[in-house]
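Please read the structure below before turning to the comments.
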Number of protein chains: 2
Amino acid sequence: MKRADRLIQIIELMRRERRPVTAAYMAEELEVTPRTIYRDMVTLTASGVPIDGEAGIGYVMGDGYHMPPMMFTEDELEALMLGMRMVQERADKDLAKAAKNLIGKISTSIPDDLSALFLNTDLYAPQFVKIKDETVSVADIRHALRHQFKIKITYADVKGDVTMRIVWPILMAHFYDNRNMVAWCEKREAFRSFRTERIQELEVLPEKYRPYRKSLIKKWAIENQIPELA
Amino acid sequence: MKRADRLIQIIELMRRERRPVTAAYMAEELEVTPRTIYRDMVTLTASGVPIDGEAGIGYVMGDGYHMPPMMFTEDELEALMLGMRMVQERADKDLAKAAKNLIGKISTSIPDDLSALFLNTDLYAPQFVKIKDETVSVADIRHALRHQFKIKITYADVKGDVTMRIVWPILMAHFYDNRNMVAWCEKREAFRSFRTERIQELEVLPEKYRPYRKSLIKKWAIENQIPELA
DNA sequence: ACACTGCTGACAAAAATTGTCAGTACTATT
DNA sequence: AATAGTACTGACAATTTTTGTCAGCAGTGT
């Protein structure tokens with residue numbers, strides 16, 4: 001990659017990251033050595049781009065630097081299309097519908113030539129193992145999860161034992177052949193995973209749970225040794 | 001002045017001008033020849049900076065036309081996020097990077113409260129079977145495919161036999177544990193699938209293939225009994 | 001018809017970029 | 001007080017990029 005491109009990409013990258021970004025990270029992502037990144041940063045700051053670097057921390061972009069909205073690149077549109085295909089194949093039907101709507105919205109708001117490219121079928125992402133449809137509305141779970149509502153569920157476990165519990169949903173996990181809701185179970189006082197298709201009944205309670213979902217996710221990630229979420 | 005600086009300055013200059021700016025004017029201002037400005041513009045637009053050039057007029061920066069403020073529903077944002085996670089886990093590294101950039105672009109163009117919801121981690125879509133990294137650039141394949149360029153590849157088949165062929169790439173297929181390029185093979189005069197990680201060398205030829213990709217895909221889909229693409 | 005402008009290709013001289021390596025200084029954590 | 005992580009600098013040679021030049025085509029507005 002040429003330097004000029006890289007500089008623009010660094011601006012984009014800094015704009016989207018809220019946390020400090022290390023030179024090493026950028027070096028990896030942009031496929032150059034950290035030394036080159038340091039040189040780039042000098043160039044950018046010299047040209048007036050408000051980037052702050054602190055030893056031991058990383059780089060942060062100052063507020064107020066406003067680049068005009070960039071259009072999507074071909075690769076971004078392709079990533080979007082592939083992602084939406086995957087969602088349509090693999091996610092629950094509400095989300096699949098949302099994916100379809102999204103494709104529509106975006107394709108009408110980009111130039112025609114890009115749009116044609118975008119909508120053209122040149123991707124294929126089939127899922128051979130079909131995931132069972134849910135009895136309950138996964139949209140309800142997602143809604144509860146986003147706003148930290150407690151939910152009451154009737155659940156059939158592997159052995160077929162049916163129980164009723166109040167849980168705090170914190171995460172949706174999408175695996176190859178099943179979907180899981182990860183939640184804190186009030187009954188067991190522990191994290192549990194619930195396969196969505198085994199949830200028989202579901203009620204979103206008006207009551208919210210207190211600890212921030214983010215911290216619960218972190219705790220769960222540590223317990224389950226999933227570094228990318230911890 | 002170095003090129004990198006000049007590009008950043010061009011962005012600044014375009015942002016503050018309302019009227020079209022001619023290449024000649026910028027060339028004067030930045031003390032280079034117009035030819036150099038034309039080259040710069042190609043670089044900038046390729047990097048996604050929304051600049052429009054019209055013969056007889058000059059250059060204007062797109063007023064957010066390419067990416068207008070869009071309203072998304074919570075479900076759409078969640079579909080988007082899930083899709084991009086999947087792409088990051090499952091697609092080649094260029095597309096993964098594009099997915100990341102896309103998240104950044106969209107998150108800066110939607111209201112803050114939605115943005116926070118959007119970026120919050122409440123999805124997990126791991127891929128346990130890791131797909132092998134490619135030797136060649138999959139971005140090149142995608143580019144050739146989108147624009148119907150022929151490509152020349154050196155390919156090692158299952159038995160380990162290495163051959164060189166000219167093929168017409170028509171489709172990328174993303175499976176659970178591998179990625180495939182589907183193409184018309186000039187040598188065999190038939191459709192063939194090539195696992196991307198077994199392509200040893202790749203050259204995008206300047207020559208385009210004639211039949212529309214869409215019709216080739218259809219033919220391939222019928223041969224392979226894939227009704228959703230036929 | 002005309003002037004103006006965007007845009008492209010090719011080439012060789014000139015200039016910038018890069019990785020490498022070795023080292024300094026600052027920050028937060030232990 | 002020690003340690004790990006990070007920003008940052010200098011110098012050099014191989015490599016890559018950039019630039020001007022020139023010649024031309026194509027679209028826009030008068």
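Not measured: the values here are computed from a predicted model. Reminder, nothing fancy here: chain letters follow the sequence lines and each chain counts from 1.
- We find that CG of A/Leu7 is positioned 15 Å from P of D/dT17, with the value rounded to whole Å.
- The separation between A/Tyr59 atom OH and C/dC26 atom C1' is 13 Å, rounded to whole Å.
- For a distance-only test at 3.5 Å, the side chain of A/Arg39 fails to qualify as a donor-acceptor partner of the base of D/dG10.
- With rounding to whole Å, B/Arg3 atom CZ is found 13 Å from D/dT16 atom C1'.
- Within the structure, every side-chain polar atom (N or O) of B/Arg35 is placed at least 4.0 Å from both OP1 and OP2 of D/dG20.
- At a threshold of 4.0 Å, the pair B/Glu186-B/Lys150 counts as salt-bridged, since one of the basic side-chain nitrogens sits closer than that to a carboxylate oxygen.
- In the set D/dA7, C/dC7, D/dT17, the nucleotide with an atom closest to the side chain of A/Lys2 is D/dT17.
- Considering only side-chain N and O atoms, B/Tyr25 lies nowhere under 4.0 angstrom from the phosphate OP1 or OP2 of C/dG6.
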Give me the distances for all protein-to-nucleotides 27-30 of chain C N/O pairs that come in under 3.5 Å?
unit_1, atom_1, unit_2, atom_2, d
C/dT27, O4', A/Ala55, O, 3.0

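- Here C/dT8 presents its P atom at 12 Å from CE of B/Met41, a figure rounded to the nearest Å.
- Proximity of A/Tyr38 to the phosphate of D/dA7: a side-chain N or O atom is located under 4.0 Å from OP1 or OP2.
- Residue B/Thr36 places at least one side-chain N or O under 4.0 Å from the OP1 or OP2 atom of D/dG20.
- In this model, the phosphate group of C/dT18 is approached by a side-chain N or O of A/Arg6 to a distance below 4.0 Å at OP1 or OP2.
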